[in-house]
Amino acid sequence: MNRTPAGPFRVIWRTVARIPRGRVATYGQIARMAGLRSGARTVGWAMRALPDDLAIGGRPVPWHRVINAQGMISPRHDGPRGEGSLRQAGRLRREGIVVSRSGRIDLARYRWDGR
DNA sequence: CGTATGACGAGCC
DNA sequence: AGGCTCGCCATAC
């Protein structure tokens, strides 16, 4: 039934699920908060592998609130203007986060402090 | 089981 | 600032 892989993905998804609306977190930040030995890249894998319909705590995992340490939406295989990136920018703006035309987000302003 | 890949990140030019 | 290398480690093949 549940095709959620074992291993670190589950812990990562639970951590991402805690990011409040209107806030963002970086891949490395999530990795550290999840207490993983594995690093930021594994968080990237977990986002890629995230099933669209997966919900935790009764609501979908806010994958769009995870960005890279440079405050940018990480490019997918189809580039920074690809479908996934545009979708992420749209979702962030919809919760009031300012995303520049080049896909930049002010981390000092929007970064989730983990509390 | 060895290699390649990647929604990363830190360090170095 | 921008680009490159390398470490990291879960998956794919």
Side-chain angles (χ1 to χ4, degrees):
Chain A
M1 285 294 291
N2 198 351
R3 58 232 186 306
T4 58
F9 282 12
R10 196 146 175 93
V11 186
I12 291 170
W13 292 336
R14 276 205 307 268
T15 306
V16 171
R18 296 179 46 213
I19 307 174
R21 179 183 174 82
R23 291 297 185 82
V24 296
T26 69
Y27 295 92
Q29 182 184 345
I30 293 297
R32 290 191 307 272
M33 291 181 65
L36 293 176
R37 295 160 57 275
S38 44
R41 307 196 72 151
T42 304
V43 176
W45 268 107
M47 293 304 97
R48 189 158 204 30
L50 179 69
D52 283 355
D53 55 354
L54 177 66
I56 295 179
R59 58 158 99 204
V61 178
W63 52 267
H64 57 284
R65 296 177 189 148
V66 184
I67 63 178
N68 65 32
Q70 303 158 55
M72 307 256 285
I73 292 173
S74 278
R76 316 297 204 263
H77 64 87
D78 52 351
R81 283 301 193 164
E83 197 174 335
S85 296
L86 295 179
R87 189 165 170 232
Q88 183 168 5
R91 285 182 172 227
L92 290 173
R93 289 188 176 116
R94 198 171 57 189
E95 12 188 285
I97 294 174
V98 176
V99 183
S100 80
R101 201 166 48 227
S102 55
R104 187 176 293 284
I105 293 149
D106 186 354
L107 269 176
R109 182 175 172 190
Y110 296 111
R111 186 200 285 269
W112 175 43
D113 55 20
R115 288 179 287 108

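All of these numbers come straight from a predicted model, not from anything done at the bench.
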Only pairs at least two apart or in different chains count here, so list each salt bridge (charged side-chain N to carboxylate O under 4.0 Å, His left out) that has a residue in [range].
| range | value |
| --- | --- |
| residues 95-115 of chain A | R65(A)-E95(A), D113(A)-R115(A) |
| residues 70-82 of chain A | none |
| residues 19-34 of chain A | none |

Which residues pass the side chain to side chain contact (heavy atoms under 4.5 Å, CB included) test with A25(A), sequence neighbours left out? I19(A), Q29(A), I30(A), W112(A)

Using a 4.0 Å cut-off on protein heavy atoms (strictly under), produce a 5'-to-3' string for nucleotides 6-13 of chain B with B for base contact, S for backbone-only sugar-phosphate contact, and - for none. BBBS----

Of all residues at least two apart in sequence or in a different chain, which pass the side-chain hydrogen bond (donor to acceptor under 3.5 Å, both in side chains) check with S38(A)?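 Partners of S38(A) under the side-chain hydrogen bond (donor to acceptor under 3.5 Å, both in side chains) test: none.
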
